[in-house]
Amino acid sequence: MSSAPRYTPYRPRRLRTTARMRRLVAETRLHPADLVLPLFVKEGLDEPHPISSMPGVVQHTLDTLPDAVRAAAVAGIGGVMLFGIPTERDATGSQADAEDGILNRAITIARDAARSPDLRSDERPGPVVMADTCLDEFTDHGHCGVLTPPGPDGLTRVDNDATLERYTAMALTQADAGAEVVAPSGMMDGQVAAIRDALDDAGHHDVSILAYSAKYASAFYGPFREAVDSTLSGDRRTYQMDAANAREGLREADLDLAEGADMVMVKPAGSSLDVLAAVAERSDVPVAAYQVSGEYAMIEAAAAQGWIDRRGAVLESVLGIKRAGADIILTYWALDIAEWIS
Ligand code: PBG
């Protein structure tokens with residue numbers, strides 16, 4: 001005869017009794033190959049320059065970039081996403097599609113480092129080399145596109161179609177430099193179709209497009225502005241999405257899929273998990289999420305104060321993004337995570 005009272009036959013806690021059991025039943029696992037490490041490369045630096053709002057993240061020089069890429073390779077990281085910071089900026093972002101522009105030089109150097117034969121194994125073939133395809137680091141006004149002349153109201157706007165011409169030139173230069181993935185992040189209408197067309201015309205059929213599809217105008221990009229020495233005054237609300245809108249994010253993703261995106265992205269990850277889950281549900285291509293600079297800075301700052309457990313908070317935040325449906329996660333913690341989970 002049973003002695004204990006039986007209040008319920010349903011006891012989900014059984015599967016939480018031991019660490020072994022919890023590991024067995026875990027529904028979601030992080031793997032280094034799913035992670036992409038963003039890397040900043042700045043022209044004219046003699047040595048890596050720390051980004052104060054992103055402790056542990058630096059602006060690299062062209063000389064320190066190969067080691068960063070090799071570290072990613074050794075850790076089994078899936079990809080690196082390159083951002084370039086030029087010394088010269090102008091209205092149209094000329095350095096973006098200059099062959100010897102900082103980002104394009106960085107792409108070639110990263111590609112060579114990623115392919116160094118001494119590092120590669122079947123299990124760790126080196127990271128895929130991806131490049132940000134956007135003008136904001138290259139324009140003197142800091143916007144993601146070129147501006148119209150002032151209208152009757154005296155205001156300038158970001159000119160969508162003129163910007164597409166700059167993006168296609170930029171994507172072609174990046175592909176020529178050795179980018180395996182170009183990542184248009186400017187939220188111009190038609191950017192994926194325009195870039196696909198230009199790449200195909202030039203014979204770059206194998207260069208993939210990772211489309212920043214649902215990219216919200218976000219306060220969480222704050223530290224990134226320091227990371228790229230941004231000159232922007234004002235905001236990007238006429239092209240990046242309003243955080244109030246989920247349905248519109250799905251429309252953006254659908255358009256990018258129809259335009260031929262090879263992968264789609266939702267950003268920022270942590271405050272857009274609903275959109276991420278919905279995009280993952282309808283996408284038939286891999287879905288990426290970008291855990292952005294502000295998400296990084298918040299956890300680092302709280303951890304530095306001793307207010308939060310750094311490792312626990314980092315792993316939980318990234319696991320949540322994966323659980324919501326991300327196949328690929330861009331995170332500044334990619335190397336730490338790879339070390340913790342290996
Ligand atoms: C634009 C771009 C931004 C980020 C990635 N690509 C900044 C912006 O849109 O204002 C932000 C990434 C981050 O905050 O980590 N090229």
Side-chain angles (χ1 to χ4, degrees), residues 35-42 51-59 79-86 89 93 95-97 101-103 106 130-139 141-146 158 163 166-167 170-171 174 179 181-188 191 195 209-243 249 252 264-272 288-301 314 317-318 321 326 328-334:
L35 304 178
V36 173
L37 177 67
L39 291 170
F40 301 103
V41 186
K42 182 172 171 175
I51 300 161
S52 63
S53 54
M54 301 178 72
V57 181
V58 300
Q59 295 171 326
V80 291
M81 175 66 77
L82 301 172
F83 295 92
I85 303 129
R89 291 169 158 158
Q95 284 298 300
D97 58 323
I102 183 69
L103 178 53
M130 312 180 173
D132 187 56
T133 310
C134 190
L135 290 175
D136 60 308
E137 285 88 42
F138 299 94
T139 52
H141 45 73
H143 274 294
C144 294
V146 295
V158 173
T163 299
R166 299 293 301 122
Y167 286 180
M170 189 178 185
Q174 294 177 335
V181 176
V182 296
S185 63
M187 289 301 284
M188 295 302 128
Q191 61 187 11
I195 290 173
I209 299 177
L210 166 56
Y212 285 66
S213 297
K215 177 173 177 180
Y216 291 88
S218 172
F220 295 112
Y221 306 153
F224 181 91
R225 302 273 158 90
E226 182 197 345
V228 300
D229 303 344
S230 175
T231 53
L232 182 73
S233 63
D235 58 52
R236 307 195 197 283
R237 291 181 185 279
T238 68
Y239 41 107
Q240 298 181 348
M241 288 178 48
D242 188 322
E252 286 280 7
V264 290
M265 195 198 293
V266 175
K267 174 188 177 185
S271 51
S272 321
Y290 199 142
Q291 184 179 50
V292 301
S293 57
E295 301 178 78
Y296 179 88
M298 286 191 296
I299 291 180
E300 287 293 338
V314 169
S317 66
V318 176
I321 293 166
I328 299 166
I329 300 170
L330 287 80
T331 173
Y332 300 98
W333 286 302

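Here, residue 1 is the first one in the sequence, and each next residue gets the next number. One-based numbering, in listed order, for ligands and for the atoms of each.
When non-hydrogen atoms are compared, ligand 1 lies under 4.0 Å from neither the backbone nor the side chain of L232. For S185, every heavy-atom contact with ligand 1 shorter than 4.0 Å involves the side chain, none the backbone. Contact annotation: for Y332 versus ligand 1, heavy atoms closer than 4.0 Å belong to the side chain alone. Residue contacts with ligand 1, taken as heavy atom pairs separated by less than 4.0 Å, involve D136 solely via side-chain atoms from C-beta onward.
The distance from ligand 1 to the heavy atoms of E137 drops below 4.0 Å at these ligand atoms: 16 (N). Taking every non-hydrogen atom of C134 and a distance limit under 4.0 Å, the qualifying atoms of ligand 1 come out as 16 (N). Close contacts of ligand 1 with Y290, meaning ligand atoms under 4.0 Å from a residue heavy atom, involve 12 (C), 15 (O).
Of the possible polar contacts, one joining the S293 side chain to the F224 backbone as a donor-acceptor pair under 3.5 Å is found. The main-chain N or O of S185 is found under 3.5 Å from a side-chain atom of K215 such that the two form a donor-acceptor pair.
From the protein, the heavy atom lying nearest to atom 14 (O) of ligand 1 is S293 OG, 2.7 Å. Atom 11 (C) of ligand 1 has its closest protein heavy atom at K267 NZ, 3.1 Å. Taking atom 8 (C) of ligand 1 as the reference point, the nearest protein heavy-atom neighbour is R236 NE, 3.4 Å. Protein heavy atom closest to atom 2 (C) of ligand 1, with residue, atom name and distance, is K215 NZ, 3.2 Å. Nearest protein neighbour of atom 12 (C) of ligand 1, counting heavy atoms only, is F224 CD1, 3.3 Å.
For the residue pair E300 / W333, a side-chain donor-acceptor distance below 3.5 Å is found, with atom types taken as modelled. No side-chain N or O of S317 forms a donor-acceptor pair with one of E295 less than 3.5 Å apart.
Interatomic distance, R237 CZ to Y216 OH, rounded to the nearest 0.5 Å: 13.0 Å. Summarising the geometry, atom CD1 belonging to I329 is positioned 7.5 Å from atom CD belonging to Q291; distances are rounded to the nearest 0.5 Å.
Atom OH of Y332 has more than 12 heavy atoms from other residues, nucleotides or ligands within 6.0 Å.
At least one heavy atom of F83 lies less than 4.0 angstrom from ligand 1.
Looking at ligand 1, you won't find any N or O of Q291 less than 3.5 Å from one of its N or O atoms.
Taking the six-membered ring for Trp and thresholds of 30 and 60 degrees, F83 and Y290 have ring planes inclined between 30 and 60 degrees apart.
For R236, the salt bridge (charged side-chain N to carboxylate O under 4.0 Å, His left out) partners two or more places apart in sequence, or in a different chain, are D136.
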